[in-house]
Engineer: 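Dropping a structure here in structure tokens format, bear with me for questions.
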Amino acid sequence: LHRPGEGFPRRESGVMDIPAHFDRPYRGPIVEMIQPHETVQILCKAAGKQPWEVFYGCSWRKGETCYIVMSSSDKTVRRHEVAHCNGWKH
């Protein structure tokens, strides 16, 4: 999730609106991990994410499997990361 004011459409909650094309269930396998925030930062960095890209979680694909790491089981964060599994970039 990005910081407010970075030019992405947002809802009142501050969460980015996901384009409809990417806002759907992922068709491949998903490996989900809930980890402490510090661990999320380490795993996301190891996956090639930049520190400013990681706030509550991240995702990456390896083959058809999508890996999601989050610091809580927040449904909004999960939905955001699944959209990345579906190819959304921002």
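In what follows, residues are counted from 1 in the order of the sequence shown.
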Engineer: Mind telling me whether His84 and Trp88 have parallel, tilted or perpendicular rings, with 30° and 60° as the class edges?
Structural biologist: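 Ring orientation, 0 to 90° scale: parallel.
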Engineer: Heavy atoms only: give me the nearest Asp74-Val77 pair and the separation to one decimal.
Structural biologist: OD1-N, 2.9 Å
Engineer: For Gln35, which residues count as a side chain to side chain donor-acceptor pair (under 3.5 Å) partner, sequence neighbours excluded?
Structural biologist: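 Partners of Gln35 by the side chain to side chain donor-acceptor pair (under 3.5 Å) criterion come out as none, since no residue qualifies.
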Engineer: If you group Ile, Leu, Val, Met, Phe, Trp and Tyr by side-chain heavy-atom gaps below 4.5 Å, do Ile42 and Val40 land in one group?
Structural biologist: no
Engineer: Suppose we screen for side chain to side chain contact (heavy atoms under 4.5 Å, CB included). Which residues come up paired with Glu38, at least two apart in sequence or across chains?
Structural biologist: Pro36
Engineer: Table please: side-chain donor-acceptor pairs of residues 57-71 below 3.5 Å, with sequence neighbours left out.
Structural biologist:
{"from": "Ser59", "atom 1": "OG", "to": "Glu81", "atom 2": "O", "distance (Å)": "3.3"}
{"from": "Ser59", "atom 1": "OG", "to": "Glu81", "atom 2": "OE1", "distance (Å)": "3.0"}
{"from": "Arg61", "atom 1": "NE", "to": "Tyr26", "atom 2": "OH", "distance (Å)": "3.3"}
{"from": "Arg61", "atom 1": "NH1", "to": "Cys85", "atom 2": "O", "distance (Å)": "3.1"}
{"from": "Ser71", "atom 1": "OG", "to": "Tyr56", "atom 2": "O", "distance (Å)": "3.4"}

Engineer: Roughly how far apart are Ile18 CD1 and His80 NE2, rounded to 0.5 Å?
Structural biologist: 6.5 Å
